[in-house]
*Asks:* 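Take this structure, written in structure tokens, and hold onto it; I'll ask about it next.
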Amino acid sequence: MASSKKTAPRAAAKPNTKTAMPAAEFVVGDGGELHQVAAPGQPLLTTNHGLPISDDHNSLKAGPRGPVLLEDFILREKIFHFDHERIPERVVHARGLAAHGYFELTDSLADFTTAKVLTEVGERTPVFTRFSTVAGNKGSADVARDVRGFAVKFYTKQGNWDIVGNNIPVFFIQDAIKFPDLIHAVKEEPDRGFPQAQSAHDTFWDWIACTPEAMHMVMWQMSDRTIPRSVRFMQGFGVHSFRLINAEGQSTFVKFHWTPVLNMQSVVWDEAVKLNGADPDYHRRDLYTSIRDGEHPAWELGVQLFTEDEAAAFDFDHLDSTKIIPEEVVPLRTIGRLVLDRNPANVFAETEQVAYCTQNMVPGIDFSDDPLLHGRNFSYLDTQLSRLGSTNFHQIPINAPKCPFANMQRDGHMQTHPQATRVAYTPSLIDPSGPRESHTEGFRSFPAAVEKPKARVRSATFGDHYSQARQFFMSQTEPEQDHIVAALVFELSKVELPIIRSTMLGHLVRIDVSLGERVAAGLGHRGEIVPAPTDIPARTDLAVSPKLSIIGQGPPTLVGRLVGALVTDGADSKVVGGLIKAAKAAGASIKIVCPRLGGVVLDDGSTLAADFQMAGAPSVLFDTVAVIASEAGTTALLGEAAAVSWVHDAFAHLKVIGHTAAAQPLLDAAGVEPDAGIVALAKGGDAATLTDTAAAGRIWAREPSVRTVY
Ligand code: HDD
């Protein structure tokens, strides 16, 4: 028990003026431990059962130096609860980040559906959106090369509707029965427990080499889509076709697309590798701070609508999740906007416990016959039981619908609804006023005709595995194609068994001869190339689809991006001021990086505060950078490896770099060669040139001078 020795209140104990809450007082205990004791009127610390606690620092002992007594139920409750704080992480998509927001409909789909969420223009439906990586465990790094989950739970007036999508519109497999194999192949190898959050290992490529249906997805996976700059800059896709059902009972197929208002942007591979060391939480920090700072990320919801007859004319089967419908074939119709404007109050309660389920549907929307989707409809409900431990997971606030819900399901672990009724069944004469089915408002499945013999078969219409893989590759700009080649070289170079590489090269040649040859050259491959099975339909040349490229979508912009300025003592205050102004005018945020956290004194004697100390804020954290240094400042920086890497990395990562003339020796030491992305900052006004150049993106033309392009 604490003695009554009082100590001076610390900063944290100052009265909270906002709520006029009395401040807790610090009291030093007999063993020198610091207790914080409730002031009159302050909430008391209690056990989970409401018992006020007198001492939260000492367990009950037989004397001050005696053994701890089993009688101490307060200790036992605290440790018991702590011991069970963790729940099983998701078997896939374990590492996630999420935010609350809303979806606002701008264009009604009333001709196609009765779903209120898609017909009531101007209505704001609350949403909770969780982004994730797939393969890594909960503690893995954010910028791993991986597909990103993009799951949106709409709390509609007609129940929860979940679009559980990815940032890639296709998937590795066509049938859910293969999902456990895919995931076992990509996760850590079970006999060694590594590698973590990576596909660059034997079991993944072994499985892929044996699975031609994965080739289209592999092209996306090896593209810059899987190393997004932030979740704010990536697309999302519902992947499958769904059905919309209108008031007349007519069905129209639909695919859902999320398009980021800030445009798409990815990092380059070397940057991703370094980011994961510099800030493993890069994406979660980015989403959290942008929402906290009022820069609410937004996406437009687009739909591709098509009829059964139109679908029959496609040169692929829309029920096959390894295929896209090019936007040039079925254009996107923008119908609304998703805005994320509130961070979770508690990450465990919300981000961890949220349970997305593909089968969460609303009247007016229905499933297509995509076999992958049907398997998912079982898996998502099922997995919540082992993850959240109870069939009542829907009662956890983040999962509960915001509209009324009632049925005759009862009891079970963690039941929190009182359900104070005598009758827990229908029909009933005792209680005819309880919840009942509705033939007008209830969910109805589309009565699609199905009369075929049962068979474990794959439809022949799913058989073309190479045409869209080629279409994706051919639709990329030159630097994007170069990155796919480089990613394949990297991944396959990590594979130990030569037969896996030889077999993969056979698939790549089938997709595009030059792709296969370039990867083989990059690997220095001397062995054979195993041809892909010839009885798989040959690929055809599909029209290129420019929408499949990241580069060049949307007008150039720096909005939502981060400018990093490395500033030294004696730096030109006008240049610093000009850059701060230009960055803000361009809609970007600017961070000041200094050799020391205390900041610097500029040439006019003013003090500039630092946001970061140099070694703690490498240039990978920023989209564009500037070195605003004095001569003396530059001399000092030349002795700092972190400063040379700061500039070298920015150059190697194809970033636009602004610099004062005095900083030139540092640029020279970092191997910077002049090009369109190296901008001189002699006076305040030059900063606008820097931000305009940076808004257009990276300096792709520099790439061949900083790495070998195979
Ligand atoms: Fe899945 C989670 C997306 C195929 C089984 N999946 C999960 C999440 C996303 C996706 C975004 C994380 C949701 C969250 O943030 O909690 N999954 C997809 C997409 C797929 C896909 C776009 C293909 C089009 N998934 C898929 C198949 C199966 C699963 C074929 C199983 C047959 N997925 C699961 C799961 C997870 C999951 C095991 C793990 C945690 C969870 O569901 O709630 O049930």
Side-chain angles (χ1 to χ4, degrees), residues 87-100 127-138 146-154 160 162-187 211 213-214 216-217 220-221 225-226 228 231 234-242 255-258 283-284 287 318-324 340 344 347-360 367-368 370-389 393-394 396 398-399 462:
I87 61 173
E89 65 176 32
R90 288 164 172 79
V91 55
V92 283
H93 296 264
R95 185 166 176 81
L97 54 156
H100 296 270
V127 300
F128 189 68
T129 299
R130 183 175 183 273
F131 305 97
S132 45
T133 47
V134 180
N137 295 341
K138 222 179 133 207
D146 201 351
V147 178
R148 297 301 186 286
F150 192 133
V152 184
K153 188 181 282 295
F154 299 73
N160 288 352
D162 295 355
I163 302 184
V164 195
N166 280 339
N167 72 332
I168 290 178
V170 288
F171 203 60
F172 290 100
I173 48 173
Q174 299 172 318
D175 190 312
I177 201 166
K178 294 185 73 70
F179 190 68
D181 301 295
L182 161 68
I183 300 306
H184 289 170
V186 74
K187 282 268 191 181
T211 312
E213 72 202 66
H216 186 195
M217 179 71 167
W220 287 79
Q221 184 204 5
R225 300 267 176 169
T226 46
V231 298
M234 62 185 205
Q235 287 181 310
F237 302 90
V239 181
H240 314 279
S241 302
F242 294 89
K255 287 216 181 215
F256 297 104
H257 295 232
W258 298 109
H283 284 170
R284 57 227 300 112
L287 183 69
H318 75 104
L319 299 181
D320 169 2
S321 276
T322 67
K323 305 294 186 299
I324 57 158
L340 300 182
V347 170
F348 181 83
E350 299 173 297
T351 311
E352 192 59 18
Q353 293 200 115
V354 65
Y356 294 94
C357 293
T358 49
Q359 77 278 11
N360 279 355
F367 310 104
S368 69
D370 179 339
L372 194 68
L373 177 58
H374 289 202
R376 294 181 74 193
N377 288 344
F378 164 69
S379 186
Y380 288 71
L381 180 65
D382 185 51
T383 202
Q384 311 310 344
L385 190 58
S386 56
R387 218 166 61 73
L388 299 169
F393 71 88
H394 62 281
I396 298 171
I398 196 68
N399 294 323
F462 283 28

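Along the sequence shown, residues are numbered consecutively beginning with 1. We count ligands from 1, going down the list as the structure has it; atoms in each ligand are counted the same way. All of these numbers come straight from a predicted model, not from anything done at the bench.
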*Asks:* Of the non-hydrogen atoms in Thr358 and Phe367, which two are nearest, and what is the gap between them?
*Replies:* O-CE2, 3.6 Å

*Asks:* Identify the closest protein heavy atom to atom 43 (O) of ligand 1: which residue and atom is it, and at what distance?
*Replies:* Gln384 NE2, 3.0 Å

*Asks:* Taking Lys153 as the fixed residue, which of Thr129, Asn360, Val127 is the one that meets the side chain to side chain contact (heavy atoms under 4.5 Å, CB included) rule?
*Replies:* Asn360

*Asks:* Tell me, with the steps shown, if Gln359 and Tyr380 meet side chain to side chain contact (heavy atoms under 4.5 Å, CB included).
*Replies:* CA-CA 8 Å; Gln359 77 278 11; Tyr380 288 71; 4.1 Å; yes

*Asks:* Can you name the nearest heavy-atom pair linking Asn137 to Ala94, along with the distance?
*Replies:* C-CB, 4.1 Å

*Asks:* Measuring from the heavy atoms of Lys178, does anything fall under 4.0 Å of ligand 1?
*Replies:* no

*Asks:* What do you reckon, does Gly165 put a non-hydrogen atom under 4.0 Å from ligand 1?
*Replies:* yes

*Asks:* Can you establish whether the number of heavy atoms outside Phe378 located under 6.0 Å from its atom CZ is more than 12?
*Replies:* no

*Asks:* At a non-hydrogen distance cut-off of under 4.0 Å, which region of Thr383 contacts ligand 1 (side chain, backbone, both, or neither)?
*Replies:* side chain

*Asks:* Using a strict 4.0 Å cut-off to heavy atoms of Val91, name the atoms of ligand 1 that fall inside it.
*Replies:* 38 (C)

*Asks:* If you compare all heavy atoms of Lys255 against all heavy atoms of His240, which two are closest, and at what distance to 0.1 Å?
*Replies:* CG-O, 3.9 Å

*Asks:* Regarding ligand 1, does Arg387 bring an N or O atom to under 3.5 Å of one of the ligand's N or O atoms?
*Replies:* no

*Asks:* Please check if atom CG in Leu385 has more than 12 non-hydrogen atoms from other residues, nucleotides or ligands closer than 6.0 Å.
*Replies:* yes

*Asks:* Which protein non-hydrogen atom lies closest to atom 22 (C) of ligand 1, naming both residue and atom, and how far is it?
*Replies:* Asn166 ND2, 3.1 Å

*Asks:* With under 30° as parallel and over 60° as perpendicular, where do the rings of Phe237 and His257 fit, or are they tilted in between?
*Replies:* perpendicular

*Asks:* Does ligand 1 have any atom sitting under 4.0 Å from a heavy atom of Phe237?
*Replies:* no

*Asks:* With heavy-atom distances below 4.0 Å as the criterion, list the atoms of ligand 1 near Tyr356.
*Replies:* 13 (C), 14 (C), 15 (O), 16 (O)

*Asks:* Looking at every non-hydrogen atom in both residues, tell me the closest pair between Ser368 and Ser241 and how far apart they are.
*Replies:* OG-O, 2.6 Å

*Asks:* Based purely on interatomic distance, does Arg130 place a nitrogen or oxygen under 3.5 Å from a nitrogen or oxygen of ligand 1?
*Replies:* yes

*Asks:* Under 2.8 Å from atom 1 (Fe) of ligand 1, which protein N, O or S atoms do you find? Ignore water molecules.
*Replies:* Tyr380 OH

*Asks:* Any atoms of ligand 1 less than 4.0 Å from a non-hydrogen atom of His240? List them with their elements.
*Replies:* 24 (C)

*Asks:* Please could you name the atoms of ligand 1 that Phe150 approaches to less than 4.0 Å, counting only its heavy atoms?
*Replies:* 11 (C)

*Asks:* Are a donor atom and an acceptor atom from the side chains of Arg130 and His93 found within less than 3.5 Å of each other?
*Replies:* no

*Asks:* Are any of the N/O atoms in Arg90 less than 3.5 Å from those in ligand 1?
*Replies:* yes

*Asks:* Roughly how far, to the nearest 0.5 Å, is CZ of Arg90 from CZ of Arg387?
*Replies:* 4.0 Å

*Asks:* Which option, Phe171, Phe128, Phe172, owns the non-hydrogen atom nearest atom 23 (C) of ligand 1?
*Replies:* Phe171

*Asks:* Please state whether the rings of Phe150 and Phe131 are parallel, tilted or perpendicular, taking 30° and 60° as the class boundaries.
*Replies:* perpendicular

*Asks:* Report the part of Phe378 in contact with ligand 1, treating N, CA, C, O as backbone and CB onward as side chain, heavy atoms under 4.0 Å; options are side chain, backbone, both, neither.
*Replies:* neither

*Asks:* On a heavy-atom basis, which atom in Ala176 and which in Gly375 lie closest, and how many Å separate them?
*Replies:* CB-CA, 3.4 Å

